[in-house]
2 protein chains.
Amino acid sequence: MSHGFASYAEAPIDDFVSRVEEGMAALPKQEAKVAQYFLLNLNSISFETGKSIAQKAGVAEITVGRMLRRFGCAGMKEFKAMMRHRYSVTGESLADDSAELPSDWQEQMTAELRAVSTVYAKINTPAFQAAERYLGEAEEVYVTGFQTVRGLAEDTARRLALARPRVRFLSGHDSMLSEWLDPPAAGGSCLLIIDVIPYAAECETLARMAREQGRDVVVITDEYCHWAHEVTDAVINTPSKTGLFLESLLGLTAATSLLIHATANATGRDMDARMRDWKRLAQRIGIF
Amino acid sequence: MSHGFASYAEAPIDDFVSRVEEGMAALPKQEAKVAQYFLLNLNSISFETGKSIAQKAGVAEITVGRMLRRFGCAGMKEFKAMMRHRYSVTGESLADDSAELPSDWQEQMTAELRAVSTVYAKINTPAFQAAERYLGEAEEVYVTGFQTVRGLAEDTARRLALARPRVRFLSGHDSMLSEWLDPPAAGGSCLLIIDVIPYAAECETLARMAREQGRDVVVITDEYCHWAHEVTDAVINTPSKTGLFLESLLGLTAATSLLIHATANATGRDMDARMRDWKRLAQRIGIF
DNA sequence: CGTCAAATGTTAGTTTTCTGTCATTGGGAG
DNA sequence: CTCCCAATGACAGAAAACTAACATTTGACG
């Protein structure tokens, strides 16, 4: 497969896929499952039958056909024809790339995907909504994280700072916490901690200290965290166990993205103006 | 998953194929045609049906079935089942949790999941393997990244340093590149760049400079990157477009994880010992 | 709380694919 | 030339995939 994104002669199948991508949001629940299955398994879909897809997606067979129809494809039959046609034209199998994936990598990938979807599933939990509220309403936000997630914490601080004012990365070690000599801002203060196994001792201390000073605390962590729930209700646990050499960051990353997004969309902020201002600033500094 | 990811689980289908290859010579004329068609078109066979194969091979439909039977496969039906089993894995599990999501999140999530699976699909591409090789074989590795991915680059450097020796984060701005005053290490030097839109001007410059000094370059970037392909063959493009407030980091994060994992598993490293040493060091410093 | 429309599933029918039975072919041994 | 047996195909029946029509459920809205 060539470099992927650039250019495909627009076969009807590609056209169809993009229609599905766009239309996904407007889909009813069950059909959305089917669409998701299609998009995630495009390269192995040719091995499937309508029925088998239905089973794996957990819907009735006919729903598969209906979904296809909705996007202007006359059922499984025509869909397969499109696939075949695309193959005969480009001469390359959609399956080629991932076909050779050893099965343990497949498992690995499935685990990662599951981790991400687990995080998304938490959007409506009280914990997530508490986190959203703290981050949205506080006058100032501190972000911190150590060891293998320090970078993630820094990025999160940077990105969050685009979404709302007064965000600072807090480096306990280096600044000796001079930031907290003064009492929290009047409008409320919030600390966002990212911590994973092996938990940095500082995190818990920092969190408790924050609470004592009257700050809200949000914790993004892995599934084993022992201390966070005692300190705050805004704890987001994400799966991190993997077969890889190190723990996975995907779940954590997804969680931060969602929180940032939620904060950006919080009421009373004009994001467009904010982004414009930011771009103007960035231009002047000439970093691009 | 243990350290070796060389374990291509021997699926029944592979077994079947090798039996066919061996038995080819002893086959009657018509069946030989069929067998040949199978072997030559293994990757498009999923689009075919017993009938269509028969037509293209110029034999009767039943002969196809007979040929399969001869090699211990109970007909087209079982053959397809074997193929399906071999190739389709992902998705069943995701369907359940995601059911309750509001549909706009659903779309968002699917996009993210697809980004990750796209990255995994690239494991076997030449570009990925080149990256793997550079990172595994170089005597020293520098990692860099700016703006919203600087943190990711730093984390990557830290994690990569657990997998192999002599990894440093390179901060062009701050160190004024003093690291590169001296010529590259004798065993080879490698620069890993993470860069996304809006591309930092420094990245391209840095990459070209590295090449001039005889260093290998690996680039992890988004789908729009314009400069990387001119500089090196080890470019990993990951989808980053999302409906969120900012671009997605998931694809990039997945890519770094895979590269780190691959490096850790590169031949000639005793990862267990390395991890033990590291834990001992960490204990003494008392960071946990 | 009821109504209505969209969504989804169920059942049954149609088409396609697959396979079992039997007839035909074709080449080699006597 | 005839007989024999493997090879092959034709046909029909079985099974599966697919679809259409109807029934049930769900959820929004008044």
Quiz item: What integer distance in Å separates Lys80(A):NZ from dA17(D):P?
Solution: 9 Å

Practice problem: Quick one: label Gly65(A) by what it contacts on the DNA or RNA (base, sugar-phosphate, nothing), any heavy atom closer than 4.0 Å. | Solution: nothing

Quiz item: When you check the phosphate oxygens OP1 and OP2 of dA7(C), does a side-chain N or O of Arg69(A) lie under 4.0 Å from one of them?
Solution: no

Quiz prompt | Intermediate values then yes/no, side chain to side chain contact (heavy atoms under 4.5 Å, CB included), Asp195(A) and Val149(A) | solution = CA-CA 7 Å; Asp195(A) 190 24; Val149(A) 292; 5.6 Å; no

Quiz prompt | Spacing of Gln55(A) atom CD relative to dA16(D) atom C1', expressed in whole Å | solution = 13 Å

Quiz item: Are Asn41(B) and Phe47(B) close enough, and set up right, to give a side chain to side chain contact (heavy atoms under 4.5 Å, CB included), and what steps lead you there?
Solution: CA-CA 10 Å; Asn41(B) 297 284; Phe47(B) 300 110; over 6 Å; no

Quiz item: For Gln30(B) and dT25(C), what is the distance between atoms CD and C1' respectively, to the nearest whole Å?
Solution: 11 Å

Quiz item: Any side-chain N or O of Thr63(B) less than 4.0 Å from the OP1 or OP2 oxygen of dA7(D)?
Solution: no

Quiz item: For Lys51(A) and dA17(D), is the shortest distance between a side-chain N/O and OP1 or OP2 below 4.0 Å?
Solution: yes

Quiz item: If you check every side-chain atom of Val59(A), which of dA10(D), dT16(C), dG9(C) has the closest atom?
Solution: dG9(C)

Exercise. Grab the NZ-P distance between Lys33(A) and dA7(C) for me, whole Å please.
Key: 16 Å

Exercise. Return the value, rounded to whole Å, for the distance between atom CE of Met76(B) and atom P of dC18(C).
Key: 6 Å

Exercise. Quick one: do Phe79(A) and Ile13(A) satisfy side chain to side chain contact (heavy atoms under 4.5 Å, CB included)? Show the steps, please.
Key: CA-CA 8 Å; Phe79(A) 180 78; Ile13(A) 186 75; 3.5 Å; yes

Practice problem: Using side-chain contact (heavy atoms from CB on, under 4.5 Å) as the criterion, point out the one residue from Glu223(B), Glu112(B), Arg114(B) that pairs with Pro239(B). | Solution: Glu223(B)

Quiz item: Between dT19(D), dA7(C), dA7(D), which nucleotide has the shortest distance from any of its atoms to the side chain of Pro28(B)?
Solution: dA7(D)

Quiz item: Ala74(A) near the nucleic acid: base, sugar-phosphate alone, or nothing, with a heavy-atom cut-off under 4.0 Å?
Solution: sugar-phosphate

Quiz item: Taking atom types as they are modelled, is there a donor-acceptor pair under 3.5 Å from the base of dG9(C) to the side chain of Arg66(A)?
Solution: yes

Quiz item: To the side chain of Lys29(A), which of dA15(D), dA21(D), dT8(C) is closest?
Solution: dT8(C)

Practice problem: Please tell me which of the listed nucleotides, dC18(C), dT10(C), dA16(D), lies nearest to the side chain of Lys77(B)? | Solution: dA16(D)

Quiz prompt | Distance, rounded to the nearest Å, where Phe47(B) contributes CZ and dT16(C) contributes P | solution = 20 Å

Quiz prompt | Residue-phosphate contact under 4.0 Å: Thr49(B) side-chain N/O, dT16(C) OP1/OP2 | solution = no

Self-check item: Residue met sooner reading DNA chain D from 5', once Gly50(A) and Ile62(B) are mapped to nucleotides
Solution: Ile62(B)

Self-check item: Whole angstrom value for the distance that separates C1' of dT8(D) from CD of Glu31(B)
Solution: 9 Å

Quiz item: When all nucleic acid strands are considered with a 4.0 Å heavy-atom cut-off, which category describes Glu61(B): base, sugar-phosphate, or nothing?
Solution: base

Practice problem: Assign Ala32(A) to base, sugar-phosphate, or nothing according to its heavy-atom contacts below 4.0 angstrom with the strands shown. | Solution: nothing

Quiz item: Rounded to whole angstrom units, what separation is found between the CZ atom of Arg70(B) and the C1' atom of dA6(D)?
Solution: 9 Å

Quiz item: Taking atom types as modelled, is there a side-chain donor on Ser240(B) or Glu247(B) under 3.5 Å from an acceptor on the other?
Solution: no

Quiz item: Is it true that Arg164(A) and Glu137(A) make a salt bridge, defined as a side-chain N closer than 4.0 Å to a carboxylate O?
Solution: no

